[in-house]
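This report concerns only the one structure given below.
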Amino acid sequence: MSDQQKFETRLVHGAIRADKHAGPAGTPIVQASTFAYQTAAEIENVFAGRAPGFTYSRISNPTIDELEQRINSLEEGLGTVACSSGMAAITSTFLTLASAGDEIITSQGLFSGTWNLLKETLKRFGIETHFVDACNLAEIEGAINDKTRLIFVESIGNPKLDVPDLEAISKIAKAHGIVFAVDSTITSPFLLQSKNFGANLCLHSTTKLMNGHGNALGGSVTDLGNFEWNSPRYPHLKTYAERFRQFAFLAFFRKQVHQNTGDCLSPMNAFLTLTGLESLAVRQTWQCQSAQKIAEHFKDNPNIICLRYPGLQDHPNYDVVQKQFAGVGASVLTLELRDKKTCFEFIDALRIIKNATNLGDARTLAIHPASTFSRELSPEDKIKNGVTEGLIRFSIGLEHPDDLINDIETALLKISTT
Ligand SMILES: Cc1ncc(COP(=O)(O)O)c(C=O)c1O
């Protein structure tokens, strides 16, 4: 029998500690910004990396460290860094791999925050981005050139719900010696082991499913241990590759970006995320089953122009869903109604489902992307991003699906037909 514990066990226990002393069964919050040492030599050794230890929570902290080890165990990675939010983890990954003059290839189905980061913020610093259809392999390959430093996709695009074929993209990335990173926020390691499909880095907004209770922002990046960092495509990593070998990305990320920009997670948020993580498998199983039931119930409803859910056979990437997520369609679905006015009438008529942004929450949430988180996108970019004026996104929570079906059905009856 394998020594590897099952996923659900690792969710709750994380790294096994050989601690002989009695103590808290769960992870305590070490709510400290700084750590004191007996001698100057001791703290020097920790700063120099010659001895383990914590010096300052912007660099690391025992509670944050426990979360990093827990996520790393779930992703079966080489190492994980936790950040203050999903956007922080994404930004620091981009800044670790790309410099002025470099290029990134990403999906048109991308979350609008990441889209704006690339198109507006990083562009000002000389990093160019190609937005391609991530389900079109020829488009991805056609965008590659000598300046490409990263191919970055979401496991399920938010809110487009496109599902790129990770294995196929990873082969292209590998053939060109380019890092392939997957934002697995909508799937979590419960639905997707990105390493098995060739990803080199896996990112999460832990704010979403991993926390699961809407009470703490957070993000993470995991090096999946399958990229050779001593590569001419990444000359800035050369000295790190010589010194830290396979840990070059993680060392550069921590030392040159994470601790310099201060995108650190707070110990309290690490604690809340660890608490949420313990129930991830149970929550996500229920949420995905409910989403499937709701999608099947409403797929032919005459008031809905289009219902999109990766677990339905008519989803354009249904085959990839079977392969990558063992046929489970996740807990997010979208509805297309006639226009913005109809969407607002519908949302205002919901009684149980909350009108809020966020995903993977214990409560079911509905939102109109075009007027909220995607509102900064230009009209052309909204079209590429799959955001129309009639689109509503649902994140299915832990309520009973029958109550959610009732709520949606009642609200649909209240929308005007003219
Ligand atoms: C797929 C995806 N990645 C990243 C983020 C950003 O995460 P955070 O809000 O934790 O910064 C989001 C937020 O909605 C998201 O949906």
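If you're wondering where the values come from, they're calculated on a predicted model, not measured in any experiment. Both ligands and their constituent atoms are indexed starting at 1 by order of listing.
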As an exercise, identify every atom of ligand 1 less than 4.0 angstrom from a heavy atom of [X].
{"X": "M87", "value": "6 (C), 7 (O), 8 (P), 11 (O)"}
{"X": "I90", "value": "4 (C)"}
{"X": "D183", "value": "1 (C), 2 (C), 3 (N), 4 (C)"}
{"X": "E154", "value": "1 (C)"}

Basic-acidic side-chain contact under 4.0 Å: [X], [Y]:
{"X": "E389", "Y": "K341", "answer": "no"}
{"X": "R254", "Y": "E68", "answer": "yes"}
{"X": "E120", "Y": "R124", "answer": "no"}
{"X": "K384", "Y": "E380", "answer": "no"}

Write out the residue and atom name of the closest protein heavy atom to atom 16 (O) of ligand 1, then the distance separating them to 0.1 Å. N158 ND2, 2.7 Å
Write out the residue and atom name of the closest protein heavy atom to atom 13 (C) of ligand 1, then the distance separating them to 0.1 Å.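 For this ligand atom, the closest protein heavy atom is K208 NZ, 2.7 Å.
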Decide whether an N or O pair under 3.5 Å exists between [X] and ligand 1.
{"X": "T207", "answer": "yes"}
{"X": "I186", "answer": "no"}
{"X": "T114", "answer": "no"}

Would you sort out whether W115 and F131 count as a ring-ring contact (aromatic ring centres under 6.0 Å, His included), showing the intermediate values? CA-CA 9 Å; W115 183 296; F131 293 89; 4.2 Å; yes
Look at the aromatic rings of F35 and F54 and report parallel, tilted or perpendicular, splitting at 30° and 60°.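 Aromatic pair F35/F54 classed tilted.
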Considering A216, G218, S205 one by one, which has a heavy atom nearer to atom 7 (O) of ligand 1 than any of the others? S205
Between D223 (side chain only) and L201 (backbone N and O only), is there a donor and an acceptor less than 3.5 Å apart? no
When you measure from the side chain of N61 to the backbone of V30, do you find a donor-acceptor pair of N or O atoms at a distance under 3.5 Å? yes
L359 contact mode with ligand 1 (heavy-atom cut-off under 4.0 Å):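 L359 to ligand 1: side-chain contact only, backbone stays beyond 4.0 Å.
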Sub-4.0 Å heavy-atom contact, H204 with ligand 1: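 Flag not set, H204 not near ligand 1.
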